[in-house]
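Worksheet for the structure shown next.
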Amino acid sequence: MKKTIIFSAIALCFSLGSVYAKTTNLNVENQNVATVFKVNSFCVSIVKGDLETVKKLLSLGEDVNQKSNGMTPVMYAAKYNRTEILKLLIDKGANLKAKSDKNKTAADYAKLHGATDAYAIIEEALSKK
């Protein structure tokens, strides 16, 4: 009988210890988040397929070979299969042999993303040069 009372008392002590356990709350209110990817408006227009905005920006002197987030505008056009924009950029003197920060060309991006129409346009343009 004494053993039962002692074991019951020990069990009660352990159960009370776990009932009053506290959790730690982390304060995450004041965390700053920095934007990692920064793409210029010219390349965003290409990704969206906005041909009129691309033409307007080109008429305002936008550089067809300036990198944005490590890629040139022609790479964005190839990656997203924007064929009309791709043709326009090639006509404006886009460098199809330029490499991105990941060491890929516009043709590589077209092939990687399954943009067969863009890949065909790039191959045709490269064969003419």
Side-chain angles (χ1 to χ4, degrees):
M1 179 79 176
K2 280 184 168 182
K3 288 182 182 179
T4 307
I5 294 174
I6 292 173
F7 283 124
S8 297
I10 291 173
L12 183 63
C13 289
F14 281 121
S15 66
L16 290 177
S18 62
V19 169
Y20 293 109
K22 294 184 180 181
T23 58
T24 305
N25 292 329
L26 300 175
N27 183 7
V28 292
E29 294 175 27
N30 299 324
Q31 298 295 320
N32 293 328
V33 178
T35 304
V36 176
F37 300 108
K38 182 76 174 157
V39 179
N40 66 25
S41 59
F42 184 52
C43 292
V44 170
S45 299
I46 292 169
V47 170
K48 289 182 177 181
D50 189 353
L51 182 61
E52 295 305 314
T53 302
V54 171
K55 286 180 180 177
K56 181 75 171 177
L57 290 170
L58 286 171
S59 71
L60 293 171
E62 192 68 45
D63 183 7
V64 293
N65 292 310
Q66 180 181 2
K67 286 187 177 181
S68 177
N69 196 30
M71 294 170 54
T72 63
V74 77
M75 291 173 191
Y76 283 103
K79 179 178 178 178
Y80 293 98
N81 205 30
R82 306 296 186 210
T83 55
E84 293 299 315
I85 295 172
L86 182 60
K87 290 175 187 176
L88 177 65
L89 293 172
I90 292 169
D91 290 342
K92 295 292 183 178
N95 182 3
L96 295 175
K97 294 182 181 179
K99 296 204 176 212
S100 69
D101 290 354
K102 294 182 179 180
N103 205 29
K104 297 192 183 304
T105 64
D108 294 334
Y109 280 107
K111 190 185 292 186
L112 182 67
H113 293 278
T116 55
D117 297 335
Y119 184 76
I121 292 168
I122 293 167
E123 288 299 311
E124 181 183 334
L126 286 172
S127 69
K128 291 180 181 178
K129 290 185 178 183

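Numbering starts at 1 and runs along the sequence shown.
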Exercise for review: Check whether any side-chain heavy atom of Tyr80 sits under 4.5 Å from a side-chain heavy atom of Ile85, and report yes or no.
Suggested key: no
Check your understanding: Closest heavy-atom contact between Ile46 and Pro73?
Key -> CD1-CB, 3.5 Å
May I have the list of side-chain donor-acceptor pairs in residues 108-117 shorter than 3.5 Å, sequence neighbours left out?
| residue | atom | partner | partner atom | Å |
| --- | --- | --- | --- | --- |
| Asp108 | OD2 | Thr105 | N | 2.9 |
| Asp108 | OD2 | Thr105 | OG1 | 3.2 |
| Tyr109 | OH | Ser100 | OG | 3.0 |

**Study point:** Separation of Leu126 CG from Ile121 CD1 (nearest 0.5 Å)
**Key:** 12.0 Å
Review point. Same hydrophobic cluster for Met71 and Leu88, using side-chain heavy-atom links shorter than 4.5 Å among ILVMFWY?
Key: yes
**Study point:** Atom pair CE (Met75) and CG (Leu96), whose distance is rounded to the nearest 0.5 Å
**Key:** 9.5 Å
Practice item. Specify the closest pair of heavy atoms between Asn95 and Val74, including all atoms of both residues, with the distance to one decimal. Key: O-CG1, 4.0 Å
Exercise for review: Could you pull out the closest heavy-atom pair between Ser45 and Leu57, with the gap in Å?
Suggested key: OG-CD1, 4.1 Å
Review point. Is there a side-chain contact between Leu58 and Phe42 (heavy atoms, below 4.5 Å)?
Key: yes
Practice item. Salt-bridge test for Glu124 and Lys128: reply yes if a basic N is under 4.0 Å from a carboxylate O, no otherwise. Key: yes
Point to revise | Heavy-atom side-chain proximity of Lys79 to Val47 below 4.5 angstrom | key: no
Review point. Does atom NZ of Lys92 have more than 12 heavy-atom neighbours from other groups under 6.0 Å away?
Key: no
Point to revise | Closest non-hydrogen atom pair between Ala98 and Thr72, with its separation | key: CB-CG2, 4.4 Å
Exercise for review: Would you check if the side chain of Asn81 reaches a backbone N or O of Ala118 as a donor-acceptor pair within less than 3.5 Å?
Suggested key: yes
